[in-house]
Amino acid sequence: MDFFKYQGTGNDFILIDDRDETFPVSQELIARLCHRRFGIGADGLILLRTHPDYDFRMIYFNADGAEGSMCGNGGRCIVRFAHDLGLFESETRFLAVDGEHTAAVTEQEVSLKMNEISGIEQHPDYAFLNTGSPHFVKVVEDVESMDVVAEGRPVRYDDRFAPGGTNANFIEPIGANALFVRTYERGVEDETYSCGTGVTASALVAHQQLGMNSPVSIQTIGGNLRVSFVANSDGGFSDLYLIGPAVRVYEGSVNA
Ligand SMILES: N[C@H](CCC[C@H](N)C(=O)O)C(=O)O
């Protein structure tokens, strides 16, 4: 079976051109392919399929092999993959688990439009919102020295977020409109080098709690992203874009 490996600021994915819909979907196979020792190794696996009304359809699976909610970095990577396959020139429209997305590509970046957010659930020491995936966001002092797994895993499984659980983001302001974000990712069950829906959520919380304005620059372990948005008077957000690099690393073939 042929596959392509892409990464978006270190969040890495196996991409499969499944326009013929022959990929044998199973939780066991996908978990094995994503395994860092017994498989190719990735934070997730993404199928590119056809759709009569869109340039393509995105189906996302977390590294645990289960079909996931929206993946922002994976969305940027499948846009780069579709462009590499020649499916569009510079702008595209595709269907994902949370509905329609548009995106634009340049040599350096992919700009992905994220779905509108109705509002942020603000608690005394954290915020919670869904940017296509559920995110707990907490402002901390020294994010670089945190043990993100030790702090993030209990949040991911906390009863407050049952039954589906949540991703956990820890954010630190590093400039007027800049953050350092680290994320424990649900379904990977580890810290990832970046999380697209997570940095999107973090930027909106930084606007609301820290007074940051669009575009917010985000440093992650895996590289730099930008999030631009319009804050609406009703507390929601629109014109939400996740912008940054998405790169093909290699292609290969694997025994299914
Ligand atoms: N693990 C996430 C989905 C992928 C999110 C992340 N990879 C991104 O770039 O948004 C979840 O189950 O909620």
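All ligand and atom numbering here is 1-based and tracks the order in the structure.
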Colleague: Just checking F94 against Y54, ring centres under 6.0 Å apart?
Modeller: no

Colleague: Of all the non-hydrogen atoms in the protein, which one sits nearest to atom 5 (C) of ligand 1, and at what distance?
Modeller: E185 OE1, 3.5 Å

Colleague: Using a strict cut-off of 4.0 Å, indicate which atoms of ligand 1 neighbour a heavy atom of N167.
Modeller: 1 (N), 2 (C), 11 (C), 13 (O)

Colleague: Heavy-atom distances under 4.0 Å are what count here, so tell me which part of R186 touches ligand 1: side chain, backbone, both or neither.
Modeller: both

Colleague: Cation-pi between R160 and Y126: NZ/CZ under 6.0 Å from ring centre and within 45° of the ring axis?
Modeller: yes

Colleague: Please state which part of N62 comes within less than 4.0 Å of ligand 1, counting heavy atoms only: side chain, backbone, both or neither.
Modeller: side chain

Colleague: Please list, in number order, the atoms of ligand 1 under 4.0 Å from a heavy atom of S69.
Modeller: 11 (C), 12 (O), 13 (O)

Colleague: Taking atom types as modelled, is there a side-chain donor on D159 or Y157 under 3.5 Å from an acceptor on the other?
Modeller: no

Colleague: Show which atoms of ligand 1 fall inside a sub-4.0 Å distance from at least one heavy-atom site of N73.
Modeller: 8 (C), 9 (O)

Colleague: Looking only at the side chains, is there a donor atom on one of S228 and D239 sitting less than 3.5 Å from an acceptor on the other?
Modeller: no

Colleague: What part of D43, side chain, backbone, both or neither, has a heavy atom within less than 4.0 angstrom of ligand 1?
Modeller: neither

Colleague: Determine whether the aromatic ring centres of residues F128 and H123 are separated by less than 6.0 angstrom.
Modeller: no

Colleague: So, for Y6 and F81, is the gap between ring centers shorter than 6.0 Å?
Modeller: yes

Colleague: Mark up the atoms of ligand 1 that fall under 4.0 Å of a heavy atom belonging to G72, in ascending order.
Modeller: 8 (C), 9 (O), 10 (O)

Colleague: Would you say F13 has any N or O atom under 3.5 Å from an N or O of ligand 1, going by distance alone?
Modeller: no

Colleague: Checking side-chain polar atoms at under 3.5 Å, does Q209 have a donor or acceptor matched by the opposite partner on Q122?
Modeller: yes

Colleague: With atoms numbered from 1 as shown, which atoms in ligand 1 lie under 4.0 angstrom from a non-hydrogen atom of T197?
Modeller: 5 (C), 8 (C), 9 (O), 10 (O)

Colleague: Does any N or O of ligand 1 fall below 3.5 Å from an N or O anywhere on G196, backbone included?
Modeller: yes

Colleague: Between H135 and T166, is any side-chain donor less than 3.5 angstrom from a side-chain acceptor?
Modeller: no

Colleague: Check ligand 1 against S133 and write out every atom of the ligand that is under 4.0 Å from a heavy-atom position of the residue.
Modeller: 3 (C), 11 (C), 13 (O)

